[in-house]
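One structure below.
Residue numbering restarts at 1 for every chain, and letters A, B, ... go by the order of the sequence lines. Computed from heavy atoms alone, side chains included, the values below leave out hydrogens, waters and symmetry copies. Predicted model, so just to flag it, every value in this text is computed and none were measured.
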Number of protein chains: 2
Amino acid sequence: MHLLMKNLPHKTIERLSQYRRALLLCHAQGMTYIYSHEIAKIQHITPVQVRRDIMLIGYTGTLRKGYNVMELIELIGNIIDSEEGINVCVVGIGNLGRAITNYFSGKRTKLSIAAVFDVEPSKVGKKYHLIDCFHIDDIPRIIKERKIEIGIITVPGEDAPAIAEILVKAGIKGLLNYTPKPVNVPNKVYLEEYDMITSLEKVAFFVKTHH
Amino acid sequence: MHLLMKNLPHKTIERLSQYRRALLLCHAQGMTYIYSHEIAKIQHITPVQVRRDIMLIGYTGTLRKGYNVMELIELIGNIIDSEEGINVCVVGIGNLGRAITNYFSGKRTKLSIAAVFDVEPSKVGKKYHLIDCFHIDDIPRIIKERKIEIGIITVPGEDAPAIAEILVKAGIKGLLNYTPKPVNVPNKVYLEEYDMITSLEKVAFFVKTHH
DNA sequence: ATAACAATGTGAAATAATTAACATTTTTCT
DNA sequence: AGAAAAATGTTAATTATTTCACATTGTTAT
């Protein structure tokens with residue numbers, strides 16, 4: 001593991017993930033080289049920031065030619081992916097859970113949804129995009145059996161804290177909470193929370209103030 | 001409009017929205033006063049940050065008693081809400097679009113979903129949580145008729161740029177893009193992009209590096 | 001050949017966000 | 001009454017992130 005990896009800023013990690021997706025598209029279109037300002041344009045950021053991010057991961061482009069698309073894709077993969085891949089589960093297979101499961105079906109190789117969970121008897125036992133749906137009571141067993149390390153919470157808000165607790169007890173290492181209700185996890189579990197209502201209120205605020 | 005409003009940091013705006021939601025729950029449970037450290041606990045941040053945010057909006061609590069829950073809710077509302085309310089539309093009523101529409105149904109008063117759009121003939125003309133679904137070709141007309149100022153894009157990624165362009169031409173003022181594909185908007189339109197895959201990759205990275 | 005140009009790479013400055021430190025004040029306890 | 005405790009409010013320090021400014025170096029044009 002690179003020494004570099006440890007000290008990458010959070011924001012850089014996010015952008016690297018985005019660069020990679022943009023680069024994959026460029027690669028599919030047959031581009032072999034790309035300039036920092038081209039990447040920047042796609043992501044609505046400055047070319048300097050792109051160059052700095054790339055500098056931070058220790059890659060170096062060719063002067064006047066830019067960056068080799070495929071090499072950069074691979075290097076970003078080396079930094080942000082895990083060698084062996086990571087298994088993920090989705091808890092709550094309502095609209096949001098299905099949307100996420102849908103996004104992932106067959107796309108990533110390094111991150112794969114290994115199980116989904118719900119309480120509804122009508123959902124348990126079914127498959128969603130080829131992924132088995134289990135009852136929430138089976139979370140501890142399935143997480144161990146399938147070596148799941150990350151959980152995505154898409155249950156109704158009021159259930160989120162209880163689900164988080166179950167996941168943590170089952171040994172989950174990272175949580176992504178998409179409910180509007182904050183959850184508590186011990187320090188060793190990496191938690192990311194995102195709340196759509198907050199984002200919308202933020203947009204509304206800036207629409208209002210910048211008329 | 002407060003002078004204060006103009007200079008609030010983006011991060012503070014996000015947190016204010018979250019404070020308000022937490023405070024509404026506290027109010028519903030009959031709390032009349034709350035301490036900064038209680039708010040901080042709920043949101044996983046430090047009490048200092050809570051106090052600073054509250055300071056920035058010019059509210060002042062009572063020493064040893066904390067903040068008056070109802071007053072704070074109202075003040076946050078004065079800052080982040082618009083007097084008259086803002087109308088929003090959702091473009092793409094797949095799983096994600098439905099999840100968002102669902103979240104909102106009947107909850108907010110100041111932000112309301114005034115229309116949803118899709119291309120599927122089977123969806124156009126139906127209602128989703130009491131909201132009319134129109135064809136995408138009707139976007140310009142409906143946006144004008146219903147005074148819609150913010151658009152939420154939840155179509156498949158490849159369609160996002162085209163939809164963004166349509167919305168911008170129709171006079172939208174703010175956009176929230178939930179597809180993995182970045183879109184371009186003129187400077188006067190406030191754009192916020194959020195991509196679930198990036199978030200998940202970020203969680204995976206930190207799970208990997210902090211073992 | 002040489003000048004002009006267009007790209008990368010990066011130290012340093014600027015900006016944004018968080019945290020520390022502490023003065024202040026009310027309440028409670030003895 | 002006086003001391004201790006517990007809370008807010010705020011300046012200053014720190015840390016994180018972005019941007020500037022420019023040195024460097026291939027490439028192209030004359």
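- In this entry the distance linking CD of Gln43(A) with P of dT18(D) reads 13 Å, nearest Å.
- Residues satisfying the side-chain contact (heavy atoms from CB on, under 4.5 Å) test with Leu24(A), not counting sequence neighbours, are Arg20(A), Ile73(A).
- In this structure, the separation between NZ on Lys208(B) and CD1 on Ile86(A) is 8.0 Å, given to the nearest 0.5 Å.
- Put simply, NZ on Lys65(B) is 12 Å from P on dT26(C), counting in whole angstrom units.
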Which parts of nucleotides 14-24 of chain C does protein reach within less than 4.0 Å, heavy atoms only, written one letter per nucleotide 5' to 3' as B for base, S for sugar-phosphate only and - for none?
---SBBB----
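- As a whole-Å value, the separation of Leu16(A) CG from dT17(D) P is 13 Å.
- We find that CG of Leu56(B) is positioned 14 Å from C1' of dT8(D), with the value rounded to whole Å.
- The CZ-P distance, from Arg64(B) to dA7(D), rounds to 6 Å in whole Å.
- Atom pair Ile34(A):CD1 and dA7(C):P shows a separation of 13 Å (rounding to whole Å applied).
- Summarising the geometry, the separation between NE2 on His37(B) and C1' on dA7(D) is reported as 9 Å, rounded to the nearest angstrom.
- With sequence neighbours excluded, the residues satisfying side-chain contact (heavy atoms from CB on, under 4.5 Å) with Glu14(B) are Thr198(A), Lys202(A), Lys11(B).
- A ring pair (Phe, Tyr, Trp, His ring centres under 6.0 Å) check over residues 146-191 of chain A, counting only residues at least two apart or in different chains, returns the pairs Tyr190(A)-Phe206(B).
- Between Asn177(A) and Tyr194(A), the side chains place no donor N or O within less than 3.5 Å of an acceptor N or O (distance only, hydrogens not considered).
- Between Tyr35(A) and dG9(C) there is no side-chain N or O to OP1 or OP2 distance below 4.0 Å.
- Proximity of Thr62(B) to the phosphate of dT8(D): no side-chain N or O atom is located under 4.0 Å from OP1 or OP2.
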Table please: side-chain donor-acceptor pairs of residues 146-171 of chain B below 3.5 Å, with sequence neighbours left out.
from	atom 1	to	atom 2	distance (Å)
Arg146(B)	NH1	Ala114(B)	O	2.9
Arg146(B)	NH1	Asp132(B)	OD2	3.4
Arg146(B)	NH2	Asp132(B)	OD2	3.2
Glu149(B)	OE1	Lys173(B)	NZ	3.0
Thr154(B)	OG1	Val91(B)	O	3.1
Thr154(B)	OG1	Gly92(B)	O	2.5
Glu165(B)	OE2	Lys169(B)	NZ	3.3

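- Remark: P of dG9(D) and CG of Leu72(B) are 10 Å apart, rounded to the nearest angstrom.
- Evaluation of the side-chain contact (heavy atoms from CB on, under 4.5 Å) rule for Tyr59(B) yields Ile54(B), Ile57(B), Tyr67(B), Asn68(B), Glu71(B), Leu72(B), Leu75(B) as partners, not counting sequence neighbours.
- Between dT8(D) and Tyr33(B), no contact under 4.0 Å exists linking OP1 or OP2 to a side-chain N or O.
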